[in-house]
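Throughout, protein chains are lettered first and strands after them, A, B, ... in sequence-line order, and every chain is numbered starting at 1. Computed from a predicted structure; not experimentally measured. Hydrogens, waters and symmetry mates are skipped; everything else that's a heavy atom, side chains included, is used.
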Number of protein chains: 2
Amino acid sequence: MARKRFDDSNCSVARALNQVGDWWSLLIVLHAMYGTRRFVDFQQELGIAKNILCDRLARLVENGVLKKVDVGEHGSRFEYRLTEKGRDLFPVVIALRQWGDKWNPAPDEAPLDLRDRATGQPIQTVQVQNAEGKPITVRDVFVSGEPTLGSKKDPA
Amino acid sequence: MARKRFDDSNCSVARALNQVGDWWSLLIVLHAMYGTRRFVDFQQELGIAKNILCDRLARLVENGVLKKVDVGEHGSRFEYRLTEKGRDLFPVVIALRQWGDKWNPAPDEAPLDLRDRATGQPIQTVQVQNAEGKPITVRDVFVSGEPTLGSKKDPA
DNA sequence: AGAATAGGGTTGCATCTTAAAACCAGATTA
DNA sequence: TAATCTGGTTTTAAGATGCAACCCTATTCT
């Protein structure tokens with residue numbers, strides 16, 4: 001049977017995964033953040049089948065993550081660029097990259113060294129912070145109006 | 001043909017997606033963060049097929065995101081709990097939730113109000129920060145030793 | 001004790017999705 | 001005009017998914 005869809009789930013994480021939660025979409029967004037814009041470039045960099053790339057690009061455009069821009073001097077040449085919605089996935093991508101670097105480091109090479117242009121310094125680890133800016137974990141959080149996330153049924 | 005795997009990709013995002021990048025895995029982790037531990041509870045809350053749930057739980061255990069704990073008073077009763085690696089996905093999940101809340105809000109209901117237990121205040125929006133703690137976007141970042149992410153080929 | 005039920009799976013089958021490669025048509029380039 | 005580049009669509013085979021039906025081991029009910 002078909003994959004289950006979460007378009008109308010009452011969980012925003014499920015709905016988000018519905019848009020960028022498959023194997024390729026987030027990688028496409030990642031490469032778009034690196035500056036890739038052209039169909040052929042995505043295809044080469046990702047090693048993705050053309051039909052799948054077509055489908056994913058179309059879906060990302062449909063969901064407003066990318067926009068398809070006609071840059072044809074005379075006709076049919078396109079670029080896929082991030083929208084603000086797409087650029088807003090930056091924290092998600094970075095958090096995922098840092099998680100991957102921490103828990104599944106490449107055996108040989110050093111992780112990507114991302115730096116802030118203004119300071120030249122490496123960026124910080126993405127964290128969840130409380131109102132005072134202090135980093136917190138899943139155990140420090142509760143859903144307002146509901147029992148604590150980690151109390152009666154303490155995670156992990 | 002088979003889905004392409006990224007186990008040995010030189011990109012840590014790809015490797016991360018290989019572990020938690022399918023439709024269900026991150027939702028399972030999310031619910032684990034909410035306190036769900038039992039097979040039947042995951043099944044009911046997620047509405048996932050049992051064979052798929054089996055497969056995903058096994059894969060998450062295999063990847064060290066969950067651990068399977070035998071809580072059988074006399075025998076065969078199990079709990080699936082987050083490991084530290086799994087708990088460390090917290091920023092990813094929260095960033096994704098906030099992105100979903102912002103860009104695909106539920107038509108009717110308010111987004112989940114997550115609060116810090118210590119202060120009682122809502123948690124902050126997850127951001128990428130530079131060394132000074134200032135939020136930065138994808139355009140502010142460059143890869144050390146490579147051309148700026150957003151310069152010659154400015155994203156978006 | 002014996003029957004019914006819950007927990008945690010496995011198996012089969014029909015349907016979707018994916019990867020890979022072939023094929024296409026409109027611009028460009030040589 | 002012939003070869004290429006771009007961005008796709010089509011075809012085919014192998015996987016992945018969803019669903020329902022079974023299974024086996026505890027518990028719980030009668």
Side-chain angles (χ1 to χ4, degrees), chain A residues 1-9 14 17-28 31-32 35-63 66-81 153, chain B residues 1-9 14 17-28 31-32 35-63 66-81 153:
Chain A
M1 267 220 171
R3 219 207 76 223
K4 198 166 268 193
R5 299 274 164 180
F6 306 108
D7 309 80
D8 52 353
S9 167
L17 287 173
N18 205 49
Q19 301 197 349
V20 296
D22 72 303
W23 299 99
W24 289 115
S25 296
L26 211 56
L27 285 180
I28 291 173
H31 280 251
T36 302
R37 295 174 160 190
R38 305 294 295 276
F39 187 94
V40 282
D41 295 331
F42 282 115
Q43 210 212 315
Q44 286 189 356
E45 293 169 14
L46 293 169
I48 183 177
K50 291 167 79 173
N51 50 352
I52 305 297
L53 180 56
C54 269
D55 178 79
R56 292 304 183 278
L57 287 174
R59 191 181 299 175
L60 288 169
V61 167
E62 194 180 324
N63 290 137
L66 297 177
K67 60 192 166 198
K68 185 174 185 175
V69 180
D70 191 332
V71 295
E73 290 77 8
H74 302 71
S76 56
R77 199 140 300 194
F78 306 101
E79 284 187 0
Y80 294 89
R81 304 189 195 171
K153 297 201 289 182
Chain B
M1 268 221 168
R3 218 207 76 221
K4 197 166 267 191
R5 299 272 164 182
F6 306 109
D7 310 79
D8 51 354
S9 168
L17 287 173
N18 205 49
Q19 302 197 351
V20 294
D22 72 303
W23 298 101
W24 289 115
S25 295
L26 211 55
L27 284 180
I28 291 173
H31 280 252
T36 303
R37 296 174 159 191
R38 305 295 293 277
F39 186 93
V40 281
D41 295 330
F42 282 115
Q43 210 211 317
Q44 288 189 354
E45 292 169 15
L46 293 168
I48 183 176
K50 290 168 81 173
N51 52 349
I52 304 297
L53 180 56
C54 270
D55 179 80
R56 292 304 183 278
L57 287 173
R59 190 181 299 173
L60 288 169
V61 168
E62 194 180 323
N63 288 326
L66 295 178
K67 60 190 167 199
K68 184 173 183 175
V69 180
D70 191 331
V71 295
E73 289 78 8
H74 303 73
S76 57
R77 202 139 298 196
F78 305 101
E79 285 188 356
Y80 294 90
R81 304 189 195 172
K153 296 201 289 179

Which residues satisfy the ring-ring contact (aromatic ring centres under 6.0 Å, His included) test with A:Phe39, sequence neighbours excluded?
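A:Phe39: no ring-ring contact (aromatic ring centres under 6.0 Å, His included) contacts found.
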Does the side chain of [X] get closer than 4.0 angstrom to OP1 or OP2 of [N] through an N or O atom?
X       : N      : answer
A:Arg3  : C:dT18 : no
B:Trp23 : C:dC16 : no
B:Arg5  : C:dA19 : no

[atom1] of [X] versus [atom2] of [N]: gap in Å, rounded?
X       : N      : atom1 : atom2 : result
B:Arg59 : D:dG15 : CZ    : C1'   : 12 Å
B:Phe42 : C:dA6  : CZ    : C1'   : 18 Å
A:Ile48 : D:dG7  : CD1   : P     : 15 Å
A:Leu46 : C:dA19 : CG    : P     : 11 Å
A:Asp22 : C:dC16 : CG    : P     : 18 Å
A:Phe6  : D:dT17 : CZ    : P     : 11 Å
A:Asp55 : D:dT10 : CG    : P     : 13 Å
B:Ile52 : D:dA20 : CD1   : C1'   : 14 Å

For nucleotides 7-11 of chain C, tabulate all protein N/O to nucleotide N/O atom pairs closer than 3.5 Å, reporting atom names and distance.
residue : atom : partner : partner atom : Å
C:dG7   : O3'  : B:Arg38 : NH2          : 3.4
C:dG8   : OP1  : B:Arg38 : NE           : 3.3
C:dG8   : OP1  : B:Arg38 : NH2          : 3.4
C:dG8   : OP1  : B:Phe78 : N            : 3.2
C:dG8   : OP1  : B:Phe78 : O            : 3.1
C:dG8   : OP2  : B:Phe39 : N            : 3.4
C:dG9   : OP1  : B:Lys68 : NZ           : 2.6
C:dG9   : OP2  : B:Tyr80 : OH           : 2.4
C:dG9   : N7   : B:Lys50 : NZ           : 3.0
C:dG9   : O6   : B:Lys50 : NZ           : 2.5

Nearest heavy-atom neighbours spanning B:Ile28 and B:Phe42
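Looking at all heavy atoms of both residues, the shortest contact is O-CE2, 3.5 Å.
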Would you call B:Asp55-B:Arg59 a salt bridge at under 4.0 Å N-O?
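Yes.
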Looking only at the side chain of B:Ala49 (C-beta and beyond, no hydrogens), which of the listed nucleotides D:dA16, D:dC19, C:dA19 gets closest?
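Selected nucleotide (nearest to the side chain): D:dC19.
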Angle between ring planes, B:Phe6 versus A:Trp24, binned at 30° and 60°: parallel, tilted or perpendicular?
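Taking A:Trp24 first and then B:Phe6, their aromatic rings stand perpendicular (interplane angle over 60°).
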Just to verify, what does B:Val40 make a side chain to side chain contact (heavy atoms under 4.5 Å, CB included) with, not counting sequence neighbours?
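B:Val40 satisfies side chain to side chain contact (heavy atoms under 4.5 Å, CB included) with B:Arg38 only.
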Hey, are the side chains of B:Asp22 and B:Arg56 touching, using non-hydrogen atoms and a 4.5 Å cut-off?
yes
Would A:Leu60 and A:Lys68 count as a side-chain contact (heavy atoms from CB on, under 4.5 Å) if you check the C-alpha gap in whole Å, the side-chain angles of each, and the deciding distance to 0.1 Å?
CA-CA 10 Å; A:Leu60 288 169; A:Lys68 185 174 185 175; over 6 Å; no
